[in-house]
Engineer: 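I have a structure I would like to understand better, so I am pasting it below and will then ask my questions one at a time.
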Protein chains: 2
Amino acid sequence: MELRHLRYFIAVAEEGNVTAAAEKRLHTAQPSLSRQLRDLEVEIGASLFTRGARGVELTDAGRAFLAHARVSVREASEAVQAARRAARPPKPVFSVGFLTGQGTGSPASLGCYEASCRR
Amino acid sequence: MELRHLRYFIAVAEEGNVTAAAEKRLHTAQPSLSRQLRDLEVEIGASLFTRGARGVELTDAGRAFLAHARVSVREASEAVQAARRAARPPKPVFSVGFLTGQGTGSPASLGCYEASCRR
DNA sequence: TGGCCTTACGTATGACGTAAGGATG
DNA sequence: CATCCTTACGTCATACGTAAGGCCA
């Protein structure tokens, strides 16, 4: 079982229709999607949908599966986001130095502004 | 990105060693595992490990990724368990009927014991 | 130089698209 | 009979194993 199966399953569960899910959401051929659903059900050992002439409907097992599948897919996506955030280089800082007190007779002194980069 | 990538990554992160993870936990060839890790890093766009002569070590991005990856894999597994539980047929009941009052002169009456099946 | 990771390459598993078939209202 | 799902099949992507190469103590 792979994330692809979960993504496919979720799309079909939400559309209630294999054909529509294939075309509108997954941009794949419908028979291929049907095949993946069947593979998933075989691996689990339970039917996730009841097939009718108007589309598909979730079984009890399908509803139970859906809740966890959504979390799994969301966490996988979160993992990527979190890794990308963590990999960002430390905030760059833009520094500007300047001299004050020029031409006043008193000794010049050094000033500095630092601007942190907004992410 | 598929669950396989997450499972591979977790095994390597926990072993701290690609070779050991391949042989002891994933039962696959080590170069193949290396390749999958690289693919994962490319897709994420960040390094997850620092490679050294003694093995691999997680980067900050790797640690951030690991936490979510574990949840994702666990939920996928939970989804299967939950679906299988929900698909179980309703508890079977074993019923025994019997007649009482036989041979007492009074009319017989029907009794019944039911035993539910322990799961 | 020995352990560990990577690159290179041939093989094969399986995911996909197209076409045809069956079921249901 | 129109809609939707399934089966069948050829093609192609890619995951895997084997072999060779590079890197660092």
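Numbered from 1 within each chain, the chains take letters A, B, ... in sequence-line order.
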Engineer: Could you state the atom-to-atom distance from CG of Asp39(B) to C1' of dT6(C) in whole Å?
Structural biologist: 13 Å
Engineer: Look at the side-chain N and O atoms of Gln36(A) and state whether any lies under 4.0 Å from the OP1 or OP2 oxygen of dC16(C).
Structural biologist: yes
Engineer: How close do Ala20(B) and Glu15(B) get, heavy atom to heavy atom, and via which atoms?
Structural biologist: CB-OE1, 3.9 Å
Engineer: Going by number, which of residues 40-55 of chain A have a non-hydrogen atom under 4.0 Å from DNA chain D?
Structural biologist: Arg51(A), Ala53(A), Gly55(A)
Engineer: Please find the pair of heavy atoms, one from Ile44(A) and one from Leu48(A), that lie closest to each other, and give the distance.
Structural biologist: CD1-CD1, 3.9 Å
Engineer: Looking only at the side chain of Thr28(B) (C-beta and beyond, no hydrogens), which of the listed nucleotides dC16(C), dC16(D), dT18(C) gets closest?
Structural biologist: dC16(D)
Engineer: Should the ring pair Phe49(A) and Phe9(A) be called parallel, tilted or perpendicular, given that the plane angle runs from 0 to 90° and is split at 30 and 60?
Structural biologist: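 Judged by the thresholds at 30° and 60°, the geometry between Phe49(A) and Phe9(A) is tilted.
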Engineer: Mind calculating the distance between CG (Leu37(A)) and P (dC4(D)) to the nearest angstrom?
Structural biologist: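 Distance, rounded to whole Å: 16 Å.
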Engineer: Name the nucleic acid region contacted by Arg4(A), choosing base, sugar-phosphate or nothing; use a 4.0 angstrom heavy-atom cut-off, strictly under.
Structural biologist: sugar-phosphate
Engineer: What is the distance, to the nearest angstrom, from the CG atom on Leu33(B) to the C1' atom on dT6(C)?
Structural biologist: 12 Å
Engineer: Any side-chain N or O of Ser34(A) under 4.0 Å from OP1/OP2 of dT6(D)?
Structural biologist: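 Indeed, a polar side-chain atom of Ser34(A) lies that close.
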Engineer: Consider the side chain of Val18(B), meaning its heavy atoms from C-beta on, and name the nucleotide among dC5(D), dC5(C), dC16(C) that approaches it most closely.
Structural biologist: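 Out of dC5(D), dC5(C), dC16(C), the nucleotide with an atom closest to Val18(B)'s side chain is dC5(C).
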Engineer: For a quick test of reading the model, state the closest non-hydrogen atom pair linking Ala46(B) to Ala61(B) and the distance between them.
Structural biologist: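 Scanning both residues completely, I find the closest heavy atoms to be CB-CB, 4.4 Å.
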Engineer: Treating Gln36(B) as the side-chain partner and His5(B) as the backbone partner, does any N or O pair qualify as donor plus acceptor under 3.5 Å?
Structural biologist: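 No, the answer is negative, given that no donor and acceptor are paired below the 3.5 Å cut-off.
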Engineer: Without decimals, in angstroms, what is the distance between Tyr8(B) OH and dA15(D) P?
Structural biologist: 9 Å
Engineer: Taking atom CZ of Arg54(B) as the centre, report whether more than 12 heavy atoms of other residues, nucleotides or ligands fall under 6.0 Å from it.
Structural biologist: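 Open: at most 12 neighbouring heavy atoms sit under 6.0 Å from CZ of Arg54(B).
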Engineer: Let me confirm one number: the OG-NE2 distance from Ser72(A) to His68(B), rounded to the nearest 0.5 Å.
Structural biologist: 13.0 Å
Engineer: If I take atom CD in residue Gln30(A) and atom P in nucleotide dG21(C), what distance separates them, rounded to the nearest angstrom?
Structural biologist: 16 Å
Engineer: May I ask you to decide whether Glu14(A) forms a salt bridge with Arg70(A), counting only side-chain N to carboxylate O separations under 4.0 Å?
Structural biologist: yes
Engineer: Could you give the CD-to-C1' distance, from Glu57(B) to dC4(C), as a whole number of Å?
Structural biologist: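 Those two atoms, CD and C1', are 15 Å apart.
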Engineer: Reckon Arg35(A) touches a base, only the sugar-phosphate, or nothing at all at heavy-atom distances under 4.0 Å?
Structural biologist: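 Counting heavy atoms under 4.0 Å across all strands, no contact is made by Arg35(A).
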Engineer: Choose from dG17(C), dT6(D), dT6(C) the nucleotide whose nearest atom is closest to any side-chain atom of Pro31(A).
Structural biologist: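 Of dG17(C), dT6(D), dT6(C), dT6(D) is nearest to the side chain of Pro31(A).
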Engineer: Measure the distance from NE2 on His27(B) to C1' on dG17(D) and round it to the nearest whole Å.
Structural biologist: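 To the nearest whole Å, that distance equals 16 Å.
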Engineer: I'd like to know if Glu43(A) pairs up with Arg84(B) as an ion pair, taking the criterion as any Lys NZ or Arg NE/NH1/NH2 lying under 4.0 Å from an Asp or Glu carboxylate oxygen.
Structural biologist: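 Arg84(B) and Glu43(A): not salt-bridged.
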Engineer: If I take atom CD in residue Glu15(A) and atom C1' in nucleotide dC4(D), what distance separates them, rounded to the nearest angstrom?
Structural biologist: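 After rounding, the gap between these two atoms is 14 Å.
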Engineer: Under a 3.5 Å distance rule, please check whether Thr59(B) uses its side chain to pair with a backbone N or O of Ser47(B) as donor and acceptor.
Structural biologist: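 A pair under 3.5 Å: yes.
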Engineer: So which nucleotide from dC4(D), dA15(C), dT6(C) ends up closest to the side chain of Asn17(A)?
Structural biologist: dC4(D)
Engineer: Roughly how bent is the helix from dT1(C)-dA25(D) to dG25(C)-dC1(D) end to end, in steps of 10 degrees, with each end axis from five pairs?
Structural biologist: 30°
Engineer: Just to be sure I understand the rule, does Thr19(A) reach a base, reach only the sugar-phosphate, or reach nothing, if contact means heavy atoms closer than 4.0 Å?
Structural biologist: sugar-phosphate
